[in-house]
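See below for the structure under consideration.
Numbering starts at 1 and runs along the sequence shown.
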Amino acid sequence: MAEHRIYGMSFASVYPHYVTKAERKGRTRAEVDEIIRWLTGYSQTELEGRIAGRVDFRAFFADAPAMNPAREQIKGVVCGVRVENIEEPLMREIRYLDKLIDELAKGRAMEKILRPPASGNG
């Protein structure tokens with residue numbers, strides 16, 4: 001099976017679309033960046049470097065310093081597909097980000113978007 005074309009696309013080519021989607025709904029670039037940093041563990045400087053370096057999605061997620069374990073709490077539908085049911089790991093990471101940006105654009109509070117880490121029961 002052929003690899004999905006988004007894997008080879010530069011993150012920088014899609015990032016402005018995330019920002020535009022958020023800003024159209026009265027949200028900010030800073031909030032988009034906060035979501036990306038929460039998900040990936042990049043610092044703001046590292047994020048800006050990845051964007052400036054025009055790395056592809058594959059490298060963007062492969063090089064992420066610390067993928068947030070709470071991302072597995074992200075549920076819902078993006079592009080007609082339930083993110084929690086996506087089996088291919090890279091596509092699931094991309095769709096997690098898409099879902100978070102969708103929630104931002106729909107007016108959800110940042111403290112709800114940035115899910116707290118799951119706590120142990122015992």
Working for side chain to side chain contact (heavy atoms under 4.5 Å, CB included), residues L100 and R115: CA-CA 10 Å; L100 294 173; R115 287 133 172 102; 3.2 Å; yes
Derivation and outcome, side chain to side chain contact (heavy atoms under 4.5 Å, CB included), residues M67 and T40: CA-CA 4 Å; M67 293 301 293; T40 62; 4.2 Å; yes
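Applying the side-chain contact (heavy atoms from CB on, under 4.5 Å) criterion to K112, with sequence neighbours excluded, gives R108, A109. Annotation: side-chain contact (heavy atoms from CB on, under 4.5 Å) contacts of S10 (sequence neighbours excluded): A12, S13, R54. With sequence neighbours excluded, the residues satisfying side-chain contact (heavy atoms from CB on, under 4.5 Å) with D102 are K21, V78. For V77, the side-chain contact (heavy atoms from CB on, under 4.5 Å) partners at least two apart in sequence or on another chain are R82. Among residues two or more places apart in sequence or in another chain, the side chain to side chain donor-acceptor pair (under 3.5 Å) test is passed with E72 by none. Annotation: side chain to side chain donor-acceptor pair (under 3.5 Å) contacts of Y18 (sequence neighbours excluded): D98.
Between E23 and T28 there is no side-chain heavy-atom pair separated by less than 4.5 Å. Proximity of M110 to L104: side-chain heavy atoms (C-beta onward) are separated by under 4.5 Å at one or more points.
Atom CD of E103 is separated from atom CD1 of I35 by 8.0 Å, given to the nearest 0.5 angstrom. For the atom pair L39 CG and R71 CZ, the distance stands at 7.0 Å (nearest 0.5 Å). Distance CD1/I36 to CD/Q44: 8.5 Å, rounded to 0.5 Å.
Here the closest heavy-atom approach between residue G41 and residue P65 is recorded as O-CG, 3.5 Å. Across all non-hydrogen atoms, the minimal contact from Y7 to M91 is OH-CB, 3.3 Å.
Applying the salt bridge (Lys or Arg N to Asp or Glu O under 4.0 Å) definition to pairs two or more places apart or across chains, those involving residues 29-49 are R27-E31. Sorted by first then second residue, the side chain to side chain donor-acceptor pair (under 3.5 Å) pairs that include residues 55-70, not counting sequence neighbours, are E3-R58, R50-D63, D56-R58. Applying the ring-ring contact (aromatic ring centres under 6.0 Å, His included) rule to pairs touching residues 37-59 yields F11-F57, Y42-F60, sequence neighbours excluded.
The closest donor-acceptor contact from the side chain of R92 to the backbone of I86 lies under 3.5 Å.
A salt bridge does not link E88 to R95: none of the charged nitrogens lies less than 4.0 Å from a carboxylate oxygen.
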